Amino acid sequence: MNNYYWILICIIIGATIIGCERTVPITPPPYESVLVVNGFIEADKPWDVFVSQSQSYYQSPDNLSLQGIKMQIISTSDTIYPMPLGNSSLFTSDTILPQVGEMYLINAFLTGFPIVSAKLKIPCPGKIEYAEIADSVTVNSNGQFMDQLSVYILDPQPDIANYFFLYFFALDTLSGIKTPMEWQTDNPMVEFSSRLAFPDRNNQLTIYQDLRFFSDKLLNDSIFKLDFFLPGSRLDFIKNYHQQWVIRLGTTDSAFYKYYQTFEQQKNTFSDPFSEPTPVYTNIEGGLGIWAGFATDSFTSIFE
């Protein structure tokens with residue numbers, strides 16, 4: 001009998017709670033969109049800059065592109081007015097190429113938005129002095145055979161902080177196809193990695209590369225060495241089907257480095273409810289995004 005009363009009481013309480021439910025409309029807080037500039041400028045290469053607008057959490061991401069943007073890039077020697085390519089939010093230049101040591105100021109204008117601006121300077125590139133693969137293989141903790149690659153890097157300016165990334169690919173000299181090579185490393189200088197898209201204009205492809213980012217803040221030497229490891233079977237494949245493997249060193253400004261460092265930190269903590277959110281670094285005054293520069297150097301080895 002007592003159980004019956006308890007069940008009846010629970011039913012009455014549940015019905016009361018359900019009967020009290022009502023829909024409360026939520027009005028999103030006001031949000032003012034700003035211009036977002038994304039431009040990564042490589043020395044001696046055609047450059048692209050994409051301009052869009054920011055959005056609140058409650059907005060649809062379908063209409064981020066904009067019409068009527070005016071953009072101006074001023075260097076220490078030239079004023080550049082790039083024309084849109086494909087749509088009015090993408091600006092490009094194939095005729096005037098960025099130069100090492102040059103300072104570039106970008107201004108973007110659009111009615112209804114604050115004017116945005118940022119500066120960058122193309123850094124002096126580091127140089128790969130030499131790279132070699134060890135004659136003997138090593139075995140990792142999983143019992144996998146690994147080839148060791150040692151890369152010797154010339155620090156462009158040892159007296160100041162420099163920022164770098166490395167990536168590797170195999171190049172088929174007949175087709176021009178680039179195959180990414182995913183090397184591993186446990187060197188403490190390598191602080192983080194990130195996957196970037198590199199357009200291959202010759203083959204009209206987009207190559208996704210895993211970049212290893214590091215700096216020289218732990219070193220005072222003009223030349224330093226980094227060791228990387230690759231599964232032995234992967235190197236055999238490259239020897240059999242490709243004629244070259246290529247190491248590319250990028251020297252970046254601090255904005256480039258900080259942007260991808262915070263970008264990876266945000267990705268790694270996004271799904272963790274106990275982690276403090278990491279804002280992605282921006283150097284755009286009056287808006288959001290990134291305006292950063294880098295220069296590259298390559299080392300190519302040929303398998304006979």
Side-chain angles (χ1 to χ4, degrees), residues 25-43 45-99 101-123 163 194 196-197 199 252-267 269-270 276-295:
I26 298 177
T27 302
Y31 180 81
E32 182 180 354
S33 293
V34 296
L35 294 180
V36 180
V37 176
N38 279 286
F40 296 94
I41 310 306
E42 181 178 0
K45 295 291 180 66
W47 51 267
D48 299 320
V49 182
F50 186 76
V51 183
S52 61
Q53 62 178 313
S54 64
Q55 64 168 35
S56 75
Y57 178 82
Y58 302 97
Q59 288 178 298
S60 170
D62 297 335
N63 297 312
L64 296 182
S65 61
L66 299 169
Q67 303 291 326
I69 301 172
K70 294 181 180 179
M71 193 173 71
Q72 180 186 63
I73 296 179
I74 305 174
S75 71
T76 53
S77 56
D78 296 295
T79 299
I80 310 168
Y81 297 91
M83 297 297 293
L85 175 64
N87 62 62
S88 60
S89 293
L90 179 63
F91 296 83
T92 189
S93 172
D94 291 318
T95 56
I96 303 177
L97 304 181
Q99 299 298 310
E102 195 87 355
M103 183 76 73
Y104 294 93
L105 168 68
I106 185 171
N107 296 312
F109 316 83
L110 183 63
T111 303
F113 290 85
I115 297 174
V116 299
S117 63
K119 290 181 179 180
L120 69 81
K121 183 178 181 180
I122 305 292
Y163 305 91
S194 187
L196 274 69
T252 78
D253 59 11
S254 60
F256 189 111
Y257 198 86
K258 292 176 182 177
Y259 175 83
Y260 278 105
Q261 187 176 43
T262 54
F263 175 74
E264 290 300 320
Q265 289 172 351
Q266 186 188 74
K267 284 200 311 181
T269 59
F270 179 76
E276 184 176 349
T278 301
V280 177
Y281 174 82
T282 177
N283 65 345
I284 306 298
E285 296 182 8
L288 297 171
I290 189 68
W291 177 241
F294 67 103

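All figures in this text were calculated on a predicted structure; none of them were measured in a lab.
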Legend entry - Stepwise side-chain contact (heavy atoms from CB on, under 4.5 Å) check, Ile122 with Ile41: CA-CA 8 Å; Ile122 305 292; Ile41 310 306; 4.2 Å; yes
What are the two closest heavy atoms between [X] and [Y], and how far apart are they?
| X | Y | result |
| --- | --- | --- |
| Gln99 | Tyr104 | N-OH, 2.9 Å |
| Pro98 | Lys45 | CD-O, 3.2 Å |
| Gly293 | Pro123 | O-CD, 3.8 Å |

Spatial distance of atom [atom1] ([X]) from atom [atom2] ([Y]) [nearest 0.5 Å]:
| X | Y | atom1 | atom2 | result |
| --- | --- | --- | --- | --- |
| Tyr281 | Thr262 | OH | OG1 | 9.0 Å |
| Thr269 | Glu264 | OG1 | CD | 11.0 Å |
| Ile106 | Ile284 | CD1 | CD1 | 6.5 Å |
| Glu285 | Lys119 | CD | NZ | 8.0 Å |
| Glu42 | Asp48 | CD | CG | 11.5 Å |
| Lys121 | Leu105 | NZ | CG | 15.0 Å |

Check for a donor-acceptor pair, side chain of [X] on one end and backbone N or O of [Y] on the other, with a separation under 3.5 Å.
| X | Y | value |
| --- | --- | --- |
| Trp291 | Val49 | no |
| Ser117 | Asn107 | no |
| Ser54 | Ser33 | no |
| Gln266 | Thr278 | yes |

Legend entry - Non-hydrogen side-chain atoms of Phe263 and Ile290 separated by less than 4.5 Å: no
Inset, instruction - Could you tell me whether the side chain of Leu97 reaches within less than 4.5 Å of the side chain of Pro46, counting heavy atoms only? - result: yes
Legend entry - Check against side-chain contact (heavy atoms from CB on, under 4.5 Å), Phe91 and Val37: CA-CA 11 Å; Phe91 296 83; Val37 176; over 6 Å; no
Inset, instruction - For a side-chain contact (heavy atoms from CB on, under 4.5 Å) with Leu288, tell me which candidate from Leu35, Asn38, Asn283, Val36 qualifies. - result: Val36
Legend entry - Aromatic ring proximity Phe256/Tyr163, centre distance under 6.0 Å: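 No.
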Inset, instruction - Assess whether side-chain contact (heavy atoms from CB on, under 4.5 Å) is satisfied between Tyr260 and Phe40, documenting all intermediate values. - result: CA-CA 12 Å; Tyr260 278 105; Phe40 296 94; 3.6 Å; yes
Inset, instruction - Examine the side chains of Glu102 and Thr76 and answer whether a donor and an acceptor come within less than 3.5 Å of each other. - result: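 The criterion, which ignores hydrogens and geometry beyond distance, is satisfied for Thr76 and Glu102.
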